[in-house]
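In what follows, a structure is listed as structure tokens, so that the remarks can point back to it.
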Amino acid sequence: MRRGSTAMLRGLLYAVWCGTAWGGTQACNGAQNIRLLHPVEISPEELAEFHAMPPLRVLAVDAPPMSRYDKRRDSYAGVAVDTWCFITDKLGLHYEIDSGRDLSQTVANKIEQVQQGRADVFMPLSLLPQRARLGIFTEPYYQSFYAVITRKDRQLSIDNIDDLKSFQVGVVKGVALDARLQSLLPPGHLQRFDQANSDGLFKALQDGTLDAAVFSQSIFEEKRYTHEYFDLEAIHTLLDDPREYRFYFSPTEQNQRIVQAFDRYLAAMDVSLSVTKHEKGERDLIELYVKQRSQHQLWQFVGIGSTVLVLVFGMAFLYYRRLARMLNDRNRQIQEQAKALESANEQLKHLSLSDGLTGLANRRAFDQELLREHARSCRMGTPLSMLMADLDRFKAVNDDYGHATGDVYLSAVAKVLKDTASRATDLAARYGGEEFACLLPDTGASDALALAERIRQAVQQLALPNTRAETGHLTISIGLATLQAGSGTAQGLLEQADSQLYAAKHGGGNRVHATELAG
């Protein structure tokens, strides 16, 4: 048989095997969302070996924005899928992602299949020692956080995971924090729920069986809308315990070589566009949901109105009181739905004006507030201060420790800003990348300078390692501008703060430069 015919036959056998023996799906529309920061060296011998390998059997889990299962297309999409598609395309690997139709398969079942060699890969998964002993992890490509979730009417005070000790807490079996919660909470204080369906966890919160639940924050935000959990909210993000998600391979020599090649690409990759796209996908999903709910509610109003007319003309006087009670119940339901819809719209507004990583206001929100506060400053004749801040040599953090660590650093600095510029009128924002901004209404030059210095010292006291910084730790440079007597423009104030930041950076960093714009 000729070489070309042999290759064609092998491809045909791959297609038949993938379509029947495995019964999976394949989607690679998001590889264009990934870019390389620098070239990756893969030898021709490695590429030839990878291309000759049989298809990898890939298992996934519905965990947006890393991987989201689309029932209509019977396929997965997300940051993990984009990353997987990009690397496997570069390496010439064949694979098939299993469909998500079998809802009886729990996360634990799928992980066990990989550990036993019945599947090759699981995604996404965070690293735990017991998992690492039974499989091979790649380097991380995405970081997320768990959150403490409660009923809105409980108003629990939770500042860290240790505060959960006095409450009845729920968690999904087998997730990264499951073992830690089992060791932390007193006997009888932890309820563990099946992984195949987390609805029981949230129902227990709603009926008061649980005081709080620990669950992935990004996945909860989506479930809150799709399952109408409007009486629940995330009250605390566990920033001290971030989860870095990776690909998990079965422990074979072949997969060990694949993981080594994967790690070379992961070290050179920028997935920020993919993260932005799929986090935006969650917001688009929420917007679509709210739109559908609004249309549904409109038809409910029409239906209820028609029913009322029929009842009014059809019921006798003796049934009037019964009708009145029914109308009251219907009106109460309508009011509750209207409140839920209003809450959803408020949540959408918050999402559009906040930074997904740090929880601070985003640049759009900051620019809007600057115009409002400047107008008020001019009208009232009160001072207005703003500071621009930039992390010194932050690129070295991403280069030396990875983007996941860089995200942890950004979240820690954001907390410093939020805790320091803490008045109700102050606004702290992530202005872009490693650049932050604070708007300080009714704040004179001396008070603003003192606040900026507290921020600089607090960031230094975090003692976050940065080997290329002069101090050996992460530092911040701050430019400060104060508008006196309500004169000058908002753009001028912004430009002066930015100019002072430039001077602080070029003066060696880890310092505050300030100026006043006199009236």
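We number each residue from 1, following the sequence as shown.
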Taking atom CD of Q116 as the centre, report whether more than 12 heavy atoms of other residues, nucleotides or ligands fall under 6.0 Å from it.
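More than 12 heavy atoms, drawn from other residues, nucleotides or ligands, come within 6.0 Å of this atom.
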Hey, is CD on Q130 packed in by over 12 heavy atoms from elsewhere, all under 6.0 Å?
yes
Nearest heavy-atom pair of T475 and T471: which atoms, and what distance?
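For T475 and T471, the tightest heavy-atom pair comes out as CG2-OG1, 3.6 Å.
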Might you point out which heavy atoms bring T467 and Y401 nearest each other, and give the distance in Å?
CG2-OH, 3.2 Å
Does [X] come within less than 4.0 Å of [Y], counting only side-chain N to carboxylate O?
X: K395; Y: D399; answer: yes
X: K415; Y: D419; answer: yes
X: D120; Y: R57; answer: yes

Distance-only, no hydrogens or angles: does the [X] side chain make a donor-acceptor pair with backbone N or O of [Y] under 3.5 Å?
X: E46; Y: S43; answer: yes
X: H189; Y: F167; answer: yes
X: S477; Y: N510; answer: yes

For the side-chain contact (heavy atoms from CB on, under 4.5 Å) test, which of F247, Y245, Y248 pairs with T138?
F247
Tell me which one of L181, V169, V148 satisfies side-chain contact (heavy atoms from CB on, under 4.5 Å) with I161.
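Going through L181, V169, V148 one by one, the side-chain contact (heavy atoms from CB on, under 4.5 Å) with I161 is satisfied by L181 alone.
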Is it the case that the ring center of Y431 lies less than 6.0 angstrom away from the ring center of F436?
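Ring centroids of F436 and Y431 are no less than 6.0 Å from each other.
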Could you check whether F215 and F220 have their ring centres less than 6.0 Å apart?
no
Under the side-chain contact (heavy atoms from CB on, under 4.5 Å) test, residues paired with R364 that sit two or more places apart
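For R364, the residues satisfying side-chain contact (heavy atoms from CB on, under 4.5 Å) (neighbours in sequence not counted) are S352, L353, N362, Q368.
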Suppose we screen for side-chain contact (heavy atoms from CB on, under 4.5 Å). Which residues come up paired with A396, at least two apart in sequence or across chains?
D400, N466, R468
Do the side-chain N and O atoms of R264 and Q260 include a donor-acceptor pair separated by under 3.5 angstrom?
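No, Q260 and R264 have no side-chain donor paired with an acceptor closer than 3.5 Å.
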List for me each residue that meets ring pair (Phe, Tyr, Trp, His ring centres under 6.0 Å) alongside Y502, sequence neighbours excluded, and say none if there are none.
H506
Parallel, tilted or perpendicular: ring planes of W84 versus Y95, cut at 30 and 60 degrees
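Rings of W84 and Y95: perpendicular, over 60°.
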